[in-house]
There are 2 protein chains.
Amino acid sequence: MAILGFLRDFPLHGYDLKNRVAALAGHVRPIADGTLYPTIKKLEDAGCLTRRTAPGSVAAPRHMLEITQDGTDQLRRWLRNPEPGFITDDNKWYVLLAFLHHLENPREQALVLARRREFLDKPTQLFFDGDGRPIPSDQLESPFRKGLMQIHRSVNLNEIDWLDHQIADLNRRSGYVAQRSP
Amino acid sequence: MAILGFLRDFPLHGYDLKNRVAALAGHVRPIADGTLYPTIKKLEDAGCLTRRTAPGSVAAPRHMLEITQDGTDQLRRWLRNPEPGFITDDNKWYVLLAFLHHLENPREQALVLARRREFLDKPTQLFFDGDGRPIPSDQLESPFRKGLMQIHRSVNLNEIDWLDHQIADLNRRSGYVAQRSP
DNA sequence: ACAAGATATATCGATCCAGAGGTAAAGAAC
DNA sequence: GTTCTTTACCTCTGGATCGATATATCTTGT
């Protein structure tokens with residue numbers, strides 16, 4: 001998704017792509033050559049991108065990569081209907097968010113944000129005692145577990161706040177009028 | 001790490017372990033049977049845990065798993081000297097945090113927190129223009145990328161705040177006196 | 001008596017992915 | 001002129017992990 005997302009902004013060669021993906025996702029989990037180049041090839045085989053060999057401006061010749069219409073369609077499909085992990089895994093969610101603007105319909109964007117919003121609403125119970133009973137965060141003995149819960153809560157509230165504003169804004173822009181539940 | 005960490009609290013059977021790991025890490029990324037049971041076996045072969053077959057209280061017989069001294073040592077080694085990914089990847093970091101209390105020396109705990117603190121201090125530049133120049137977050141066109149940066153910043157500040165308090169507290173408790181740099 | 005469902009453990013094949021290694025070109029340093 | 005570094009690309013291997021599948025036990029409902 002990151003490869004197609006970046007290429008949708010402008011054509012890039014593999015090395016440049018690698019640096020951009022590394023800056024985005026790699027801040028937390030660097031991308032290896034052995035992952036990037038086979039993935040580029042896979043996307044090329046699938047018709048999602050084309051390759052033009054260009055003389056290297058600094059060194060070895062580059063393969064300029066350009067996204068195709070098929071690639072754009074694929075990217076939009078991934079964004080419009082993300083797999084569960086892209087909603088629940090923060091790392092993946094942030095990657096998705098970085099490219100959500102490529103989904104041009106504000107209604108569709110709002111729907112994706114709503115899925116994340118719904119996920120964040122679910123209360124999270126992380127720890128249980130010996131009998132399987134949930135331990136409320138103020139009764140946790142470990143200060144680290146306490147901190148974990150506290151950070152988790154404040155992060156969630158912060159993102160929920162942003163999501164609500166963003167969703168309202170997108171719906172307003174697309175002429176959506178909220179339905180009152182019967 | 002999660003398996004040994006939970007077993008360090010009290011002995012558990014695989015199914016219970018699975019639910020606990022799922023609640024902790026699986027909130028974002030569920031654990032599969034095909035991952036858990038081979039890992040348990042690997043840890044058993046490595047002498048990190050022992051297995052006692054007990055009659056199932058509810059259903060099929062259980063294998064009660066107990067951590068050994070070797071397992072405890074291994075867990076402490078992982079906690080004391082975590083691989084880079086456990087510092088930079090939020091998902092992994094939170095797992096580590098959930099078991100950091102098993103590292104009993106407050107000085108050692110503080111050192112791990114300090115590594116995370118150092119990582120969070122590094123400024124994060126996520127996006128670049130066509131010429132490779134960094135784009136400041138207020139000049140990002142996509143509202144999603146703006147939100148991403150904003151959430152990222154506030155999350156970091158929140159965690160940094162907690163880390164600083166916690167580190168100071170741990171150092172105080174271990175009789176550490178901060179050195180003034182020369 | 002029987003079926004359904006939760007509990008509980010285990011294996012296997014396919015796939016993903018990182019790390020290590022290899023090639024090559026251009027410019028900089030010595 | 002030779003080496004070093006950076007840029008740039010690529011492949012192979014092994015380990016990790018997932019999904020599917022299989023098995024067995026006990027409780028509950030019909």
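Any value given below was found using the heavy atoms of this structure, including those in side chains, with hydrogens, waters and symmetry copies removed. Quick caveat: nothing in here was measured; it's all calculated off a predicted structure.
Nearest to the side-chain atoms of A:Tyr15 among the listed nucleotides C:dT9, D:dC10, D:dT7 stands D:dT7. Among D:dC10, C:dG19, C:dA10, the nucleotide with an atom closest to any side-chain atom of B:Arg51 is C:dA10. Closest contact between the side chain of B:Thr35 and the listed nucleotides D:dC9, D:dT17, C:dT9 involves D:dT17. The side chain of A:Pro61 sits closest to C:dA25 out of C:dT9, D:dT17, C:dA25. Nearest nucleotide to the side chain of A:His63, out of D:dG19, D:dC10, C:dA10: D:dC10.
A:Lys92 places its NZ atom 12 Å from the P atom of C:dC16, with the value rounded to the nearest Å. Between the P atom of D:dT7 and the NZ atom of A:Lys18 lies a distance of 10 Å, rounded to the nearest Å. Rounded to a whole Å, the CG atom of B:Asp45 is 15 Å from the P atom of D:dG15. Following rounding to the nearest Å, B:Asp16 (CG) and C:dT9 (C1') show an atom-to-atom distance of 14 Å. Rounded to whole angstrom, the span from the CZ atom of B:Arg62 across to the C1' atom of D:dT25 amounts to 12 Å. Between the C1' atom of C:dA8 and the CG atom of B:Leu12 lies a distance of 14 Å, rounded to the nearest Å. The distance between atom NZ of B:Lys41 and atom P of C:dT9, rounded to the nearest whole Å, is 13 Å. Taking atom CG on B:Leu36 and atom C1' on C:dT9, their separation rounds to 10 Å, with Å as the unit.
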Residues B:His63, B:His13; criterion side chain to side chain contact (heavy atoms under 4.5 Å, CB included); working and verdict: CA-CA 5 Å; B:His63 294 182; B:His13 53 97; 5.6 Å; no
Pair A:Asp121-A:Arg117, salt bridge (charged side-chain N to carboxylate O under 4.0 Å, His left out): steps then yes or no: CA-CA 6 Å; A:Asp121 244 357; A:Arg117 168 68 229 243; 2.9 Å; yes
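Rounding to the nearest 0.5 angstrom, the gap separating the CD atom in B:Gln139 from the CG atom in B:Asp129 is 9.5 Å.
Looking at B:Asp33, its side chain has no donor and acceptor atom pair within 3.5 Å of the base of D:dC18.
As judged by a 4.0 angstrom heavy-atom cut-off over every strand, B:Gly34 is placed among the base-contacting residues.
B:Phe6 and B:Phe99 have their aromatic ring centers within a separation under 6.0 angstrom.
Annotation: side chain of B:His101 is in contact with side chain of B:Asp9 (closest heavy-atom distance under 4.5 Å).
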